[in-house]
Amino acid sequence: MYPSVYVDQIAAHEGKEVTLHGWLHGRRSSGKLHFLQVRDGTGTIQCVVFKGNVSPEVFHEADHLPQETSLSVTGTVKKDTRSPLGFELDVRSLAVFARPAREFPIGHKEHGVAFLMEQRHNWLRSPRQQVILRVRHSVVKAIRDFFDGRGFTLVDAPVFTPAACEGTSTLFEVPYFDLGKAYLTQSGQLYMEAGAMALGKVYCFGPTFRAEKSKTRRHLTEFWMVEPEVAYMDLDGDMELMEQFVSHVVQTVLQKHETELRTVLERDVEKLRKVVPPFPRITYTEAVEVIQKAGHPMKWGDDIGGDEETVVASAYDRPVMVHRYPAEMKAFYFKKDPGDPKVALGCDVLAPEGYGEIIGGGQREDDLAVLEAAIAQHGLPREAFEWYLDVRRYGSVPHAGFGMGVERCVAWICGLHHVRETIPFPRMMERITP
RNA sequence: UCCCCAGUAGCUCAGUUGGCAGAGCAGGUGACUGUUAAUCACCGGGUCGCAUGUUCGAGUCAUGCCUGGGGAGCCA
């Protein structure tokens, strides 16, 4: 309907006349020349309108179009070393689809966080947000490619669940017909364990919900999580999978977006280049010693808090894997270490540079009797977990898996201060619009 | 749930001891043939978050509320 070319393909049309459809990002003028920055979603190109090349009406209009006017520009593609893109469009004609009904709220100057969050739908048009969303897309694709390339099957977990998966987190409640209350999922893991008994290697990838009243830069109430689960895998195998997975995602994104990360987001990409196996591994007990030596009061059995986490993570130049946490701190389904029953066979991956926990996982309890006892000990409703116990009743095997939060991963790769910029429309405690 | 901070023009902010409501940017009009957040001249733009109180007088002081931001706990 509208034959045109895209900015990212412009080099192939050097010297030819083409038409571009896009939005006016910015405009500058210098007497008989007007410079229009036109954004089309694939890139931004400077379109030069010379007074001698167009009608007086078009020339005048070109200097009076507001930001975000949707338009078509037709002209000749010219190589130009002064352009960051390397090419410019020498404009012959220009057609406006629609002028903004009112002034676009987001200018090219400074804005505050609150204002930008209210304008999130408009904010997405800014160059920085475009880069972040492209990186997010690549992270998602790298995740899927990693598992698909290793024989995993995607098994979608339900969003409505009858009860807490872990019994601890605060959940969002929704009415569910005559069955009473349902809850929005906080993890697909238990379902993946059933899936792994059917298909061996599985993963789920979808939105997850936490109703905790967390107000920090690392929290959203709705976030995306990928959760692989593998039959016949122990903690060591799980940790190998974690490090291969994380480095695959980081290196794939780096390969694809290095320039954007460096120029638009000012990310130190050398730090990302170092994210290759093997990752350092320390036990929880060793981590406590490191934290104590750094002067933080902490004893064995305490949770590793935010500051303490940074102490451990900043001792290394790549993600660090902390394993074998006190069993009491972990969810009921973790298998205990046969060599030391005080600790669970769990492992968290802490991202460098203070980005915190991006992965949590471990080996699951595969013994029916032990798991039944754990459910009772945690005071969980046995009936709700009958189906889950079936996973152990019929040919139980050692199995392990983990979950990675996509937004924390994207925030780390992009070097962002807050996870709210890593998801198109963030949902937080105090914000549900736009 | 708890602790800390902020709310003044469309946006970012300044506002002295309590004494006429300000700047930059954005917007409008015009000048300029190479601008990169262009520059220059001129113009319009206000429920100082809301309420109550103190005072001759409150953007400024006090109390309460609302909204947002940061952090703690919890987690990915």
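Reckoned from all heavy atoms, side chains included, excluding hydrogens, waters and symmetry mates. Chain naming here is simple, since letters A, B, ... match the order of the sequence lines and numbering starts at 1 in each.
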Using atom [atom1] of each nucleotide, how far apart are [N] and [M] to the nearest Å?
{"N": "B:U39", "M": "B:G45", "atom1": "C1'", "result": "23 Å"}
{"N": "B:C50", "M": "B:A58", "atom1": "C1'", "result": "15 Å"}
{"N": "B:C61", "M": "B:G69", "atom1": "C1'", "result": "25 Å"}
{"N": "B:A41", "M": "B:A26", "atom1": "P", "result": "13 Å"}
{"N": "B:G7", "M": "B:A51", "atom1": "C1'", "result": "16 Å"}
{"N": "B:U1", "M": "B:G73", "atom1": "C1'", "result": "9 Å"}
{"N": "B:C25", "M": "B:U36", "atom1": "P", "result": "15 Å"}
{"N": "B:U55", "M": "B:G70", "atom1": "P", "result": "41 Å"}

Just by modelled atom types, is the [Y] backbone N or O under 3.5 Å from a matching donor or acceptor in the [X] side chain?
{"X": "A:E227", "Y": "A:G188", "value": "yes"}
{"X": "A:T310", "Y": "A:G354", "value": "no"}
{"X": "A:Q292", "Y": "A:M298", "value": "yes"}
{"X": "A:D145", "Y": "A:D148", "value": "no"}
{"X": "A:S83", "Y": "A:K79", "value": "no"}
{"X": "A:E243", "Y": "A:F279", "value": "yes"}
{"X": "A:T42", "Y": "A:D8", "value": "yes"}

Students often get this wrong, so: under 4.0 angstrom with heavy atoms, is [X] touching a base, only sugar-phosphate, or nothing?
{"X": "A:D348", "value": "nothing"}
{"X": "A:S29", "value": "base"}
{"X": "A:I359", "value": "sugar-phosphate"}
{"X": "A:G107", "value": "nothing"}
{"X": "A:L33", "value": "base"}

Does a donor on one side chain sit under 3.5 Å from an acceptor on the other, for [X] and [Y]?
{"X": "A:Q189", "Y": "A:Y333", "value": "yes"}
{"X": "A:H417", "Y": "A:R217", "value": "yes"}
{"X": "A:Y325", "Y": "A:D303", "value": "no"}
{"X": "A:Q46", "Y": "A:R82", "value": "no"}

Salt-bridge contact [X]-[Y] (side-chain N to carboxylate O under 4.0 Å):
{"X": "A:D348", "Y": "A:K330", "answer": "yes"}
{"X": "A:E407", "Y": "A:R136", "answer": "yes"}
{"X": "A:R128", "Y": "A:E266", "answer": "no"}

Does [X] have a side-chain nitrogen or oxygen under 4.0 Å from the phosphate oxygens OP1 or OP2 of [N]?
{"X": "A:R82", "N": "B:U36", "answer": "no"}
{"X": "A:K213", "N": "B:U1", "answer": "yes"}
{"X": "A:H418", "N": "B:G70", "answer": "yes"}
{"X": "A:H64", "N": "B:G30", "answer": "yes"}
{"X": "A:R210", "N": "B:G73", "answer": "no"}

5' priority, RNA chain B, between A:I304 and A:F35 [closest heavy atom]: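 Its nearest nucleotide lies further toward 5', so the answer is A:F35.
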First encountered from the 5' end of RNA chain B, between A:Q67 and A:R420: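 Taking each residue's closest nucleotide, the earlier one in sequence belongs to A:Q67.
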Of all the choices, [options], which nucleotide is nearest to the side chain of [X] once you look at every atom?
{"X": "A:R218", "options": "B:A72, B:G68, B:U35", "value": "B:A72"}
{"X": "A:H111", "options": "B:C75, B:C11, B:G27", "value": "B:C11"}
{"X": "A:E357", "options": "B:G34, B:G69, B:A76", "value": "B:A76"}
{"X": "A:K32", "options": "B:G68, B:U33, B:A76", "value": "B:U33"}
{"X": "A:H417", "options": "B:G71, B:A76, B:G69", "value": "B:G71"}

Close residues, [range], relative to RNA chain B [heavy-atom separation under 4.0 Å]:
{"range": "residues 221-229 of chain A", "answer": "A:F223, A:M225"}
{"range": "residues 36-58 of chain A", "answer": "A:Q46, A:F50"}
{"range": "residues 276-285 of chain A", "answer": "none"}

Taking every non-hydrogen atom, the tightest pair across A:L235 and A:G346: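 That closest heavy-atom pairing would be CD1-C, 4.2 Å.
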Residue pairs fulfilling side-chain hydrogen bond (donor to acceptor under 3.5 Å, both in side chains) with at least one residue in residues 351-360 of chain A, sequence neighbours excluded: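 Non-adjacent pairs meeting side-chain hydrogen bond (donor to acceptor under 3.5 Å, both in side chains): A:R267-A:E353.
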Protein-nucleotide distance ([X], atom [atom1]; [N], atom [atom2]), rounded to Å:
{"X": "A:D90", "N": "B:G34", "atom1": "CG", "atom2": "C1'", "value": "12 Å"}
{"X": "A:E68", "N": "B:A26", "atom1": "CD", "atom2": "P", "value": "16 Å"}
{"X": "A:E118", "N": "B:G10", "atom1": "CD", "atom2": "C1'", "value": "13 Å"}
{"X": "A:R217", "N": "B:G71", "atom1": "CZ", "atom2": "C1'", "value": "9 Å"}
{"X": "A:N122", "N": "B:C11", "atom1": "CG", "atom2": "C1'", "value": "13 Å"}
{"X": "A:E103", "N": "B:C11", "atom1": "CD", "atom2": "C1'", "value": "9 Å"}
{"X": "A:R27", "N": "B:G34", "atom1": "CZ", "atom2": "C1'", "value": "17 Å"}
{"X": "A:Q186", "N": "B:A76", "atom1": "CD", "atom2": "P", "value": "8 Å"}

Donor-acceptor pair under 3.5 Å, [X] side chain vs [N] base:
{"X": "A:T216", "N": "B:G70", "answer": "no"}
{"X": "A:H219", "N": "B:C75", "answer": "yes"}
{"X": "A:H108", "N": "B:C25", "answer": "no"}
{"X": "A:Q119", "N": "B:G10", "answer": "no"}
{"X": "A:S214", "N": "B:C75", "answer": "no"}

Residues that A:T216 engages under side-chain hydrogen bond (donor to acceptor under 3.5 Å, both in side chains), provided they are two or more places apart: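 Listed in chain order: A:H219.
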Nucleotide pairing, RNA chain B (Watson-Crick or G-U, distances under 3.5 Å), in dot-bracket with [ ] and |: (((((((..((((.....[..)))).(((((.......))))).....(((((..]....))))))))))))....
Validation row, ring centre A:Y183 to ring centre A:F209 under 6.0 Å: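 Ring-ring flag for A:Y183/A:F209: false, centres at least 6.0 Å apart.
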